[in-house]
2 protein chains.
Amino acid sequence: MGTRRPGTPTLEEVAAHAGVGRGTVSRVINNAAGVKESTRRAVQQAIEELGYVPNLAARSLAGQRSNAVALVLTEPDWRMFAEPFFSEIVRSLGDALADIGMQLMLTLVRSDIDRKRFLEYARGSRVDGVLLLSVRAGDRLPDMLAEARLPTVMLGRRSRDEYVSYVDADNVGGARSAVSHLVSRGRRTIATITGPLDMDAAQCRLRGYQDALALAGLDSEQSLVAEGDFTQESGRLAMTDLLARHPGIDGVLAASDTTAAGALQALRAAGRRVPQDVAVIGFDDFPLAQRTRPRLTTVRQPLEEMGRAMIRLLLEDMEEPSVAYRHVILRTALVVREST
Amino acid sequence: MGTRRPGTPTLEEVAAHAGVGRGTVSRVINNAAGVKESTRRAVQQAIEELGYVPNLAARSLAGQRSNAVALVLTEPDWRMFAEPFFSEIVRSLGDALADIGMQLMLTLVRSDIDRKRFLEYARGSRVDGVLLLSVRAGDRLPDMLAEARLPTVMLGRRSRDEYVSYVDADNVGGARSAVSHLVSRGRRTIATITGPLDMDAAQCRLRGYQDALALAGLDSEQSLVAEGDFTQESGRLAMTDLLARHPGIDGVLAASDTTAAGALQALRAAGRRVPQDVAVIGFDDFPLAQRTRPRLTTVRQPLEEMGRAMIRLLLEDMEEPSVAYRHVILRTALVVREST
DNA sequence: TTGAAAGCGCTAACAC
DNA sequence: GTGTTAGCGCTTTCAA
C-alpha cells in the first residue's frame, strides 16, 4: 500500500548499504550500461538483502513516464472477454509491453461518468498511452483522449473516415477472398450473415462479400443478406431465415466463428449436409470452429500481429507527437480446412 | 503521457494564476475544509482556465498512497468475464471505490512470471490494495501478497482453513436451504450436480446438500452426486448420467444457473417434465435462469453486497494492519419462482 | 484562513 | 565508472 510500510527500503538505503552513490543504484536497477561488474553485483546483493523494490510513483514522477498503458473496454465488449479473440489480443498486448518493461492495465468503462473519470485518470500521468478495443461508432472517448494529446490506438476503426490511430484487419479483402473461394469451388447461391451493421468491420465484410459476387458476375440479392450480431443465436436465426427465403443456398459467409456455429445448427436442423450441400466460412479461427465437424474453413485475423502493431503505433505516437494519426491494416488469411 | 506535455499546468502555476499559495490550491482540489469560499472559487476558476489536472504520480509520492486498487484475475477465470456474476461484481467494486475516490484496475495473470511481475508492481506502491476473484486452490499469489503486507481480499476462499482475508457466500447454508425446500415440497429422490470439487465453494454446496438430506432422514447415496464444472455442457452430461442411474429422481440441486440450464436440456431430452416430474434449483440467479421456462427457483448470492464487503474489508485492512485477516460470509436467499 | 517550506523516492545531467 | 545534485509536482506540517 501507499503508506511506506516500515521496512520498505529506499534506493538511498540500498546505496548506503552497498557503499555506493544513489546514481549507481539507479543505473543498476535500470540495467543502464557503464557500471563495473563488481559494483553491479555488490548493489544487487544489497537489493537482495534489503528486499528493495523501487517505488513506482517516485519513478514516474522523476522519469516523466509511468511505464503503464491502459486498455479500455467499453461495456458492450465485456462479453468478448470470454472469447479467444479477446484473450489472444490481451495476451499479445501484455507480452509486447512486458518486453519493453511496461505494464498493461485494463479498465472497464460503461457510463459517461466512467469515461470522464478515466480521462481524468489518464490525463493525470498515470499511463503513457491508451489502447481501445472495438469502440462503438458513436463513442467520443477516443476523441477526448486525442484532444488531451494522449497517445491513443484503437483496434478496429469506428468508421471509414476514422482519424484516431488504429490497427485493423483487412475486412473487405478477407470477406472477398472467402467468397471468391466459394465461387471458385462452384458455389452459386452464396448468402452472408453479417455482424451488427453499425460496426465498420461488419460493413466492410459485407462490402467484400458484394465485391466478390460482382467480380464473379453473380448478382447480390438483398435477400441473401441477413444481419446478425456475432452471437451464435443470431447465426442460428439468420440461417433459418435465409433457408426459408432461399432453399437453394449452397454457400455462406458468416461474420464470426460463433455466428458460423449458429448457422451450422440451423443447417443441420434443416437437414442440410455441410459442406456437401452448403459450405460455411466464418471470420476468425477459434476452438469452436476448429472442433466443429466438419472443420470449417475460416478467415483468420492475425491477432498476435495486431496486438504488436498496436503497441508499435503507440510507441511511435509517443515518440513522434508531430504525426497526428497512424493507420495500419493487416492482411487476413484464408484457412482452408475442408473442400468447400 | 508521462512526458510533461507542453501546456500541462502544475499546481504551482494554478496558485500563481489565482494569486494564492500552493497549499491553498492543494486544499481546494482535495476538498479540504478551512478555505474561504471566495478563495475557493478563485482557485477553481484558475483551475478551469488553465485546464489543470493533478499529477497522480506526484500525489501518490507525496501522499503515500496511490488511491488505486488492483483486481486480479487468474486465467481460468477469464471466461467468467462474460457472465453476469462477474460484471455485477466488477460494477459493484468499481462503484464502491469511486465513492471514496479510488480507481479500480484489472490485471490478468496467467503465468507465474505474470504473478511475479504483478507482485513487483503492487509492492511498488502503485496500488493500495489487491482484490482477487475465485482463486484456485493451489494458487500462491494471495500468500505472496500477504507476505508483502499488502492489504488483500479475496472473493471466495481457497479452502476451509483459508487465512487471507475473504468475503464469501454461505454456500453450505444456501445449498441446505434449497434442498430442504425441495424436501418440504415432497421431493424424495434428490440429486445434485456439483461444481469442480477442488473448489471450496463446490465442496461446501455439496456439504449443504448432504446436511439437508441427513436432516430430513433421507440417505444420501453417492450415486446421486455428479460432478460438473459449472458449464452448461457438464450439466447436461451429468443429468443424463443421473437419470440413467436413478430414473426416479424428482429433484436436483445444480451448482450454478448455467449447470441448471444444461440439466434442463437433458431432462427434456429424456421426456421429463419440469417441474412436475423433476424440480431443479440452481445457484445464482441470472438472465439464463430468469428466461428459462419454467422459471427456476434459485439460490441467490448477494453480489452487490459482496463487492461492497470486499472494499470494506480492504479499507479496514489498510487502516488496521494489526488485524491479520478478516472473513465475512454473506447470507444467500432462496428465490422461489415456481412451486417446486 | 493562508503562505512557506520540508520532504516523498527516484531519474538524469553534470561533475569528478 | 561513479558520486553529487537538482528537480519531478504534490501533500502536509508549521508558522504567521
Side-chain angles (χ1 to χ4, degrees), chain A residues 1-43 46-47 50-67 101 120 123-126 128, chain B residues 1-43 46-47 50-67 101 120 123-126 128:
Chain A
M1 115 175 130
T3 316
R4 185 153 163 271
R5 284 151 285 136
T8 301
T10 68
L11 178 145
E12 177 140 35
E13 293 168 327
V14 173
H17 192 82
V20 300
R22 306 197 309 183
T24 304
V25 178
S26 178
R27 277 169 210 130
V28 171
I29 61 179
N30 290 300
N31 284 316
V35 181
K36 213 199 302 179
E37 190 49 33
S38 59
T39 26
R40 178 181 299 276
R41 284 236 298 279
V43 170
I47 289 176
L50 268 47
Y52 168 75
V53 180
N55 180 316
L56 268 22
R59 176 174 285 175
S60 299
L61 183 56
Q64 303 288 67
R65 54 195 284 105
S66 64
N67 290 313
E120 201 92 331
R123 297 221 305 153
S125 305
R126 264 259 178 42
D128 294 332
Chain B
M1 107 175 137
T3 315
R4 183 151 166 274
R5 284 151 285 136
T8 300
T10 69
L11 178 146
E12 178 139 34
E13 293 169 325
V14 173
H17 193 83
V20 301
R22 306 195 308 183
T24 304
V25 177
S26 178
R27 279 168 210 130
V28 171
I29 61 179
N30 290 299
N31 284 315
V35 181
K36 214 200 301 176
E37 189 50 32
S38 58
T39 25
R40 178 181 299 276
R41 285 237 298 278
V43 170
I47 289 176
L50 269 46
Y52 169 74
V53 180
N55 180 317
L56 267 21
R59 175 174 286 175
S60 297
L61 182 56
Q64 303 288 67
R65 53 191 289 103
S66 64
N67 289 314
E120 201 92 331
R123 296 221 305 152
S125 303
R126 264 242 158 77
D128 295 332

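Within every chain, numbering begins at 1; the chains are lettered A, B, ... in the order of the sequence lines, protein sequences first and strands thereafter.
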Hey, what are the protein-to-nucleotides 13-16 of chain C N/O distances that come in under 3.5 Å?
unit_1, atom_1, unit_2, atom_2, d
C:dA13, N6, A:Arg27, NH2, 3.4

Grab the [atom1]-[atom2] distance between [X] and [N] for me, whole Å please.
X	N	atom1	atom2	value
A:Arg59	C:dA12	CZ	P	9 Å
B:Asn30	D:dT13	CG	P	13 Å
B:Leu56	D:dC8	CG	C1'	14 Å
B:Leu50	D:dG9	CG	P	14 Å
A:Leu11	C:dA12	CG	P	12 Å
A:Arg126	D:dG9	CZ	P	16 Å
B:Arg22	D:dT12	CZ	P	14 Å
A:Glu12	D:dG3	CD	C1'	12 Å

Select one nucleotide: of [options], the one nearest the side-chain heavy atoms of [X].
X	options	answer
B:Thr24	C:dG3, C:dC10, D:dC10	C:dG3
B:Lys36	C:dT1, D:dC10, C:dC10	C:dT1
B:Tyr52	C:dT2, C:dG9, D:dC10	D:dC10
B:Leu61	C:dT1, D:dG9, C:dC10	D:dG9
B:Pro54	D:dT12, D:dC10, C:dG9	D:dC10

Requested in this report: Under 4.0 Å between any heavy atoms, over every strand shown, what does A:Ser60 touch: base, sugar-phosphate, or nothing? Just pick one.
Outcome: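 It contacts nothing in the nucleic acid.
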Is there a side-chain contact between [X] and [Y] (heavy atoms, below 4.5 Å)?
X	Y	result
B:Val53	B:Thr8	no
B:Val14	B:His17	no
A:Ile29	A:Arg59	yes
B:Thr10	B:Asn55	no
A:Asn31	A:Arg40	yes

Report task. Map B:Ala33 and B:Ala58 onto DNA chain C by nearest heavy atom, then report which one ends up closer to the 5' terminus. Result ->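 Checking each residue's closest nucleotide, the 5'-ward one belongs to B:Ala33.
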Query raised in the report: For D:dC8, does OP1 or OP2 lie under 4.0 Å from any side-chain N or O of B:Thr10?
Result: no
Report task. Determine to 10° how strongly the helix from C:dT1-D:dA16 to C:dC16-D:dG1 is bent, judged from the axes of its five-pair ends. Result ->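 Here the local axes at opposite ends form an angle of 40°.
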